[in-house]
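One structure is given here, and the rest of the page talks about it.
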Protein chains: 2
Amino acid sequence: MSNISIYKEKLRESGLRPTRQRLKICEVLFTPEKTFHFTINDLTKIIENKLSEKISLATVYNTIHAFKKKGYLKEISINSDKSYFDTNVTEHHHFFDEDTNELIDCSNEEIDSVNIKKNITGKKIKSVEVLIKVASDNQNQN
Amino acid sequence: MSNISIYKEKLRESGLRPTRQRLKICEVLFTPEKTFHFTINDLTKIIENKLSEKISLATVYNTIHAFKKKGYLKEISINSDKSYFDTNVTEHHHFFDEDTNELIDCSNEEIDSVNIKKNITGKKIKSVEVLIKVASDNQNQN
DNA sequence: TCAACAGTTTAGAATTGTTTTAATGTGAAC
DNA sequence: GTTCACATTAAAACAATTCTAAACTGTTGA
Ligand SMILES: [Mn+2]
Ligand SMILES: [Mn+2]
Ligand SMILES: [Zn+2]
Ligand SMILES: [Zn+2]
């Protein structure tokens with residue numbers, strides 16, 4: 001039950017050579033039945049610990065950026081410390097749990113579509129996304 | 001026509017000593033009639049070029065963080081490169097112009113209030129903000 | 001089949017934004 | 001004025017990310 005040949009094909013279609021490293025990253029990102037959010041650090045840890053593979057950090061960055069450029073990943077900015085990536089590439093909203101630094105999807109059905117009355121002359125809307133920051137009720141929010 | 005004594009008072013009320021550096025930063029941030037968005041780099045350039053002052057970078061960071069903590073500034077994350085700050089501390093939404101990297105306010109009257117049907121158990125909503133990315137119509141959006 | 005080459009990986013260096021350190025300076029209180 | 005906690009500073013440290021340049025590898029096509 002390996003998706004490797006499927007990933008090989010997808011990569012070739014995209015003009016990316018199906019290298020060992022890229023196939024491994026495809027497996028980690030696209031085999032799970034549910035989409036998820038991750039940082040580069042998360043991903044390298046999965047590769048190193050769970051898979052006992054060794055892929056250089058530069059390659060992880062290269063690959064993630066290549067996948068993002070092809071539209072297979074989305075980048076999400078929550079705080080300026082680091083980037084989050086999302087294997088759910090549909091337009092959708094997020095909860096951000098400030099206690100755990102965790103992103104949680106909020107589908108479009110769970111938020112009424114945002115009605116924007118203003119527009120910027122000469123500019124086209126590329127995306128509309130809602131970010132809902134949440135935290136434990138009894139929190140010391142300095 | 002100087003607001004310095006007002007800023008001095010505000011700082012003292014906040015438990016912050018009204019130092020020369022903080023007063024100068026207050027002037028830059030809070031004297032303009034309109035609120036605005038800036039990065040630390042923007043701010044240091046204003047201080048150095050327009051005002052020919054010299055405030056150490058660490059002090060700029062210290063002061064901005066102190067002002068944020070006191071609620072006089074908001075931090076906005078657009079991309080992970082750098083932080084944006086906002087002298088408009090009310091809850092509001094933003095357009096982000098991908099051509100110019102410019103933030104534009106979108107008041108609550110210009111967006112219908114966001115209706116969220118989902119909630120996260122045990123978590124309280126701290127903020128709900130919409131980010132609308134825009135770009136020139138005829139753009140090469142790789 | 002295999003030579004050739006463009007694309008890819010890699011370790012490490014460089015860069016950038018930000019934070020920390022530790023020494024020096026200064027506002028406020030007495 | 002003296003004192004002390006708070007603040008400023010230059011420089012070092014740090015963390016995320018990007019760049020560099022050399023080695024490697026998938027693919028092409030002779
Ligand atoms: Mn931050
Ligand atoms: Mn970025
Ligand atoms: Zn998501
Ligand atoms: Zn704003």
Side-chain angles (χ1 to χ4, degrees), chain A residues 4-5 7-28 37-45 47-48 51 53-70 72-73 75-85 101 142, chain B residues 4-5 7-28 37-48 51 53-70 72-73 75-85 101 103 142:
Chain A
I4 288 183
S5 45
Y7 298 139
K8 270 188 179 166
E9 193 46 39
K10 277 263 167 65
L11 287 168
R12 280 206 196 85
E13 282 171 15
S14 313
L16 299 171
R17 286 189 187 165
T19 62
R20 185 167 45 78
Q21 293 85 346
R22 285 173 175 166
L23 288 168
K24 191 49 73 179
I25 291 173
C26 279
E27 252 184 271
V28 173
H37 307 101
F38 65 94
T39 63
I40 294 286
N41 186 46
D42 295 336
L43 180 54
T44 51
K45 271 188 185 140
I47 293 166
E48 281 170 22
L51 307 183
E53 292 274 333
K54 166 65 183 159
I55 301 181
S56 101
L57 185 57
T59 299
V60 175
Y61 274 101
N62 288 342
T63 302
I64 292 310
H65 286 148
F67 286 4
K68 181 193 170 188
K69 187 174 255 183
K70 293 296 176 185
Y72 303 146
L73 288 175
E75 191 170 0
I76 299 170
S77 287
I78 296 298
N79 59 47
S80 54
D81 299 345
K82 54 172 70 80
S83 268
Y84 287 73
F85 293 89
N101 272 20
N142 67 313
Chain B
I4 288 183
S5 46
Y7 297 140
K8 269 188 180 167
E9 193 46 38
K10 277 262 167 65
L11 286 168
R12 280 206 197 89
E13 280 171 16
S14 312
L16 298 171
R17 287 187 186 166
T19 62
R20 185 167 45 77
Q21 292 85 347
R22 283 172 177 166
L23 288 169
K24 190 50 76 179
I25 291 173
C26 278
E27 251 184 272
V28 172
H37 307 100
F38 65 94
T39 63
I40 294 287
N41 187 44
D42 296 337
L43 180 53
T44 52
K45 271 187 185 142
I46 293 171
I47 293 166
E48 282 172 19
L51 307 184
E53 292 273 334
K54 168 63 183 161
I55 301 180
S56 102
L57 185 58
T59 299
V60 176
Y61 273 101
N62 288 343
T63 302
I64 293 311
H65 287 147
F67 287 4
K68 181 192 170 190
K69 188 175 255 183
K70 294 296 176 183
Y72 304 146
L73 289 175
E75 192 171 1
I76 299 169
S77 287
I78 297 298
N79 60 47
S80 53
D81 300 344
K82 55 171 70 80
S83 267
Y84 287 75
F85 292 90
N101 271 22
L103 272 172
N142 66 311

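Proteins come first, then strands; the chains are lettered A, B, ... in the order of their sequence lines, and each starts at number 1.
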### Task
Take the protein atom CG of A/Leu23 and the nucleotide atom P of C/dG7, then report the distance between them rounded to whole Å.
19 Å
### Task
Using modelled atom types only, decide if a donor and an acceptor are shared between the side chain of A/Lys70 and the backbone of A/Ser14 within a distance under 3.5 Å.
yes
## Note on the structure
Between the CG atom in B/Leu11 and the OG1 atom in B/Thr63, the distance rounded to the nearest 0.5 Å is 9.0 Å
#### Entry: A/Arg22 side chain to A/Leu16 backbone, donor-acceptor under 3.5 Å
no
### Distance below 4.0 Å between B/Arg12 side-chain N/O and C/dG27 OP1 or OP2
no
### Message
Between B/Tyr61 and B/Leu43, is there a side-chain heavy-atom distance shorter than 4.5 Å?
### Response
no
#### Entry: For atom NE2 of A/His65 and atom C1' of D/dC19, their distance in whole Å
13 Å
Expected rows: protein N/O vs nucleotides 28-30 of chain D N/O, under 3.5 Å:
none

### Protein-nucleotide distance (A/Asp42, atom CG; D/dT17, atom P), rounded to Å
11 Å
### Task
Could you go through the salt bridge (charged side-chain N to carboxylate O under 4.0 Å, His left out) check for B/Lys24 and B/Glu27 one step at a time?
CA-CA 5 Å; B/Lys24 190 50 76 179; B/Glu27 251 184 272; 3.7 Å; yes
### Query
For B/Lys45 and C/dG17, what is the distance between atoms NZ and P respectively, to the nearest whole Å?
9 Å
### Query
Under 3.5 Å, is there a donor-acceptor pair between the A/Thr59 and A/Gln21 side chains?
no
### Query
Which letters describe nucleotides 5-10 of chain D, given B = protein heavy atom under 4.0 Å from base, S = only from sugar-phosphate, - = neither?
BBSBBB
#### Entry: Validation row: B/Glu48, B/Glu53 side chains within 4.5 angstrom (heavy atoms)
no
### A/Tyr84: side-chain hydrogen bond (donor to acceptor under 3.5 Å, both in side chains) partners, not counting sequence neighbours
none
### Query
Rounded to the nearest Å, what distance is computed from the CG atom of residue B/Asp81 to the C1' atom of nucleotide D/dT17?
9 Å
### Query
Could you give the NZ-to-P distance, from B/Lys68 to C/dT18, as a whole number of Å?
11 Å
### Heavy-atom side-chain proximity of B/Leu73 to B/Phe38 below 4.5 angstrom
yes
### Spacing between B/Tyr61 atom OH and C/dT20 atom P, to the nearest angstrom
12 Å
### Task
Could you tell me the separation between the CD atom of B/Glu13 and the C1' atom of C/dG27, rounded to a whole number of Å?
17 Å
